[in-house]
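Structure first, then comments.
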Amino acid sequence: MVEIRRAKIADVDSLFELINIYSNKGIVLPRTKKSLSQNIFSIFVADVDHRVVGTASLAILDKDLAEIRSLVVDDSMTKLGIGKLLVEKIIEETKRVGIDKLISLTYQVDFFKKCGFEVTVKDTMPQKVWQDCINCPKLHNCDEIAMVYHVKDKIFA
Ligand SMILES: CC(C)(COP(=O)(O)OP(=O)(O)OC[C@H]1O[C@@H](n2cnc3c(N)ncnc32)[C@H](O)[C@@H]1OP(=O)(O)O)[C@@H](O)C(=O)NCCC(=O)NCCS
């Protein structure tokens with residue numbers, strides 16, 4: 001049984017390992033244990049029998065713009081609906097705080113389309129989106145696709 005819940009400080013080591021498996025492959029940006037601890041309120045985990053098998057973070061970039069970051073699911077647990085549950089939680093939180101636009105910079109276009117996102121033009125994104133790219137080795141050759149989810153346009157149950 002998968003539970004999507006807020007992260008706790010006790011999850012930091014597991015989160016660090018999980019995220020860094022993918023950051024070592026250049027798929028997501030690396031996170032330090034300090035950054036995970038300092039941002040613990042904005043991190044969600046997928047918990048299966050007290051094991052962290054997935055995570056996603058919500059970064060608020062501006063009063064009308066948020067970004068989903070550090071979305072990863074343990075390799076042995078993919079295609080079971082966990083990624084989508086994490087994205088749904090981030091959408092719910094984005095809506096709860098009153099932000100209309102949620103973006104993702106990603107290689108997983110088909111996955112995000114299934115979560116209701118659309119491809120958008122990267123160049124139209126505000127400067128704030130790129131502030132963390134300064135630490136990325138792909139800074140000048142970024143090939144990620146920008147995708148957007150408009151919270152207001154969607155009907156929630
Ligand atoms: C991308 C990722 C988060 C997806 O997680 P997941 O738990 O496997 O996704 P889900 O099982 O919730 O999939 C939801 C839907 O998307 C589809 N899907 C999942 N991964 C897909 C992929 N790589 N390509 C196409 N469709 C995909 C699923 O088949 C499912 O479709 P359905 O609703 O028709 O059954 C996971 O593969 C992962 O951690 N990848 C490595 C890190 C990464 O790329 N993170 C994204 C950074 S922005």
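Note that ligands are numbered from 1 as they come in the structure, with each ligand's atoms numbered from 1 the same way. Position 1 is the first residue of the sequence, and the numbers go up from there.
- Side-chain atoms of Y22 come within 3.5 Å of backbone N or O of V73 as a donor-acceptor pair.
- Inclusion of L80 in the set of residues having an N or O under 3.5 Å from an N or O of ligand 1 is warranted.
- Protein heavy atom at the shortest distance from atom 25 (C) of ligand 1 is D110 CB, 3.5 Å.
- Which parts of ligand 1 touch T106 is read off a 4.0 Å heavy-atom cut-off, strictly below it: atoms 48 (S).
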What do the steps show when you test N20 against S23 for side-chain hydrogen bond (donor to acceptor under 3.5 Å, both in side chains), and what is the final call?
CA-CA 5 Å; N20 285 304; S23 66; 2.7 Å; yes

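- Residues F112 and I68 meet the side-chain proximity criterion, which asks for heavy atoms closer than 4.5 Å.
- Interface of V28 with ligand 1, defined as ligand atoms under 4.0 Å from a residue heavy atom, comprises 47 (C).
- No donor-acceptor pair under 3.5 Å is formed between the side chain of R31 and the backbone N or O of F16.
- Protein heavy atom in closest approach to atom 41 (C) of ligand 1: Y22 CE2, 3.4 Å.
- Counting only heavy atoms from C-beta outward, the side chains of I40 and K8 never approach each other to under 4.5 Å.
- Protein heavy atom closest to atom 17 (C) of ligand 1, with residue, atom name and distance, is K114 CD, 3.9 Å.
- In this structure, H150 and K101 have side chains that are in contact, with non-hydrogen atoms separated by less than 4.5 Å.
- At the top of the distance list for atom 36 (C) of ligand 1, counting protein heavy atoms only, stands T78 CG2, 4.0 Å.
- Within a 4.0 Å radius of atom 2 (C) of ligand 1, the protein contributes no non-hydrogen atoms.
- Look at Y107 and you'll find every heavy atom at least 4.0 Å from all atoms of ligand 1.
- Ranking the protein heavy atoms by distance from atom 29 (O) of ligand 1 puts K79 CD, 3.6 Å first.
- In terms of protein heavy atoms, atom 45 (N) of ligand 1 is closest to L71 O, 2.7 Å.
- Checked against a 3.5 angstrom limit, the closest N/O atoms of L105 and ligand 1 fall outside it.
- Side chain of K122 to backbone of E144: a donor-acceptor contact under 3.5 angstrom is found.
- Of all protein heavy atoms, the one closest to atom 22 (C) of ligand 1 is Q108 OE1, 3.6 Å.
- Inter-residue side-chain proximity for I103 and T120 is flagged as unmet; no heavy-atom pair is nearer than 4.5 Å.
- Interface of I27 with ligand 1, defined as ligand atoms under 4.0 Å from a residue heavy atom, comprises 42 (C), 43 (C), 44 (O).
- Put simply, the side chain of I19 reaches to within 4.5 Å of the side chain of L36, judged on heavy atoms.
- What sits closest to atom 39 (O) of ligand 1 on the protein, heavy atoms only, is V73 N, 2.8 Å.
- Listed for the S70 side chain is no donor-acceptor partner under 3.5 Å among the backbone atoms of A56.
- Polar contact check, G81 against ligand 1: a nitrogen or oxygen pair lies under 3.5 Å apart.
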